[in-house]
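Throughout, numbering of the chain's residues begins at 1 and tracks the sequence.
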Amino acid sequence: MQKMLSAEKITVKYGGLIAVNDVSLSLSEGKILGLIGPNGAGKSTLFNAVTGFAPVTSGKVIFYDQDVTHIPPYIRTRQGMGRTFQTERPYQELTVLENVLVAAFLRHSSRQDAEKIALAALEKVGLLDRAHQLSSDLNLARLRRLELAKALALEPKVLFLDEIMAGLNPPSLKEMIVLIRGLTSTGISIVMVEHIMEAIIQLADHVIVLASGSKIAEGSALEVINDVQVIDAYLGTD
């Protein structure tokens, strides 16, 4: 199976603070990698370093055999990296479709082509019937789906999901889990930062656990949740 993405010994420093310390990861086609750990563990910083939103102090990010460590995010996007953010950022004065079109235009200059991609993305996330509704009218669950549609409109090969399930009620959570699992059947690979262990257990093929900027465990979801060090640092004895 082809390795699409790897990060080799990534370190990110801010002055004297080491936010990420010598962390490596790899991802193959159609697989889901989960990043978990307590708040302040360095998950989002590692996520941002791999996608180009945080400077790498040392180490390499390799995407399809190309060193992209110092390539800006918009170029990585065009090469096949798409991502969501922890905070929803819709253009509230635009419709749902128009929001997704903004992303689609990054890959397609033709309105016809961009709209075709945007509509397909909305159909994938179950928002096609809301295409002409203002994004400001969406509830939390639909806003998360809108963020996912925007990322899918970039036609990513690797999709980075940053706590996309936070705050969802149980029915919406289950629907999102099914939706994300379905994306991998199309060949998309996923890296997800997530605190909801139900989602990690059901979705992740491999899990990396960070604490204080360092990797403390990795393996299958069941392996890491039974790791004593992970229990002490993150999960707790309850």
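- No side-chain donor-acceptor contact under 3.5 Å links S28 to the backbone of K31.
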Criterion side-chain contact (heavy atoms from CB on, under 4.5 Å) on R130 and R145, from CA distance to verdict: CA-CA 11 Å; R130 306 275 175 169; R145 287 172 179 258; over 6 Å; no
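- Under the 4.5 Å side-chain contact rule for hydrophobic residues, I18 and L35 do not share a cluster.
- For K215, the salt bridge (charged side-chain N to carboxylate O under 4.0 Å, His left out) test picks out E218, with sequence neighbours left out.
- Judged by distance alone, with hydrogens and angles left aside, the side-chain atoms of S189 form no donor-acceptor pair with the main-chain N or O of V158 at under 3.5 Å.
- Under a 3.5 Å cut-off, the side chain of S172 and the backbone N or O of A141 do not form any donor-acceptor pair.
- Side-chain atoms of R89 do not come within 3.5 Å of backbone N or O of E147 as any donor-acceptor pair.
- A chain of hydrophobic side-chain contacts below 4.5 Å, direct or via other Ile, Leu, Val, Met, Phe, Trp or Tyr residues, connects Y64 to Y74.
- Atom-to-atom distance recorded for L97:CG and L128:CG is 9.0 Å, nearest 0.5 angstrom.
- A pairwise comparison of heavy atoms in I177 and A199 identifies CD1-CA, 3.9 Å as the closest pair.
- Under a 3.5 Å cut-off, the side chain of R83 and the backbone N or O of T51 do not form any donor-acceptor pair.
- Taking the side chain as every heavy atom from C-beta outward, E198 and M165 never approach each other to under 4.5 Å.
- Under the 4.5 Å side-chain heavy-atom criterion for grouping Ile, Leu, Val, Met, Phe, Trp and Tyr, I10 is not connected to L17 through any hydrophobic cluster.
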Please tabulate, one pair per line, all N/O donor-acceptor pairs under 3.5 Å involving side-chain atoms of residues 37-47, not counting sequence neighbours.
from	atom 1	to	atom 2	distance (Å)
N39	OD1	H195	NE2	3.3
K43	NZ	G37	O	3.0
K43	NZ	P38	O	3.1
S44	OG	Q86	NE2	3.0

L5/M81 under side-chain contact (heavy atoms from CB on, under 4.5 Å): CA gap, chis, key distance, verdict: CA-CA 10 Å; L5 172 75; M81 290 189 184; 3.9 Å; yes
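- Criterion: ILVMFWY side-chain heavy atoms under 4.5 Å apart, direct or through other members. Under it, M197 and V224 are part of a common hydrophobic cluster.
- At least one side-chain heavy atom of Q79 sits under 4.5 Å from a side-chain heavy atom of F63.
- No option in L33, I32, D205 other than L33 meets the side chain to side chain contact (heavy atoms under 4.5 Å, CB included) test with L27.
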Can I get a per-line list of side-chain donor-acceptor pairs under 3.5 Å for residues 99-108, giving both atom names and the distance, sequence neighbours left out?
from	atom 1	to	atom 2	distance (Å)
N99	OD1	Y91	N	2.7
N99	ND2	Y91	O	3.1
N99	ND2	T95	O	3.0
N99	ND2	S135	OG	3.4
R107	NH1	L154	O	2.6
H108	NE2	E155	OE1	2.7

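- Minimum interatomic distance between L152 and A121 (heavy atoms only, all atoms of both residues): CB-CB, 4.1 Å.
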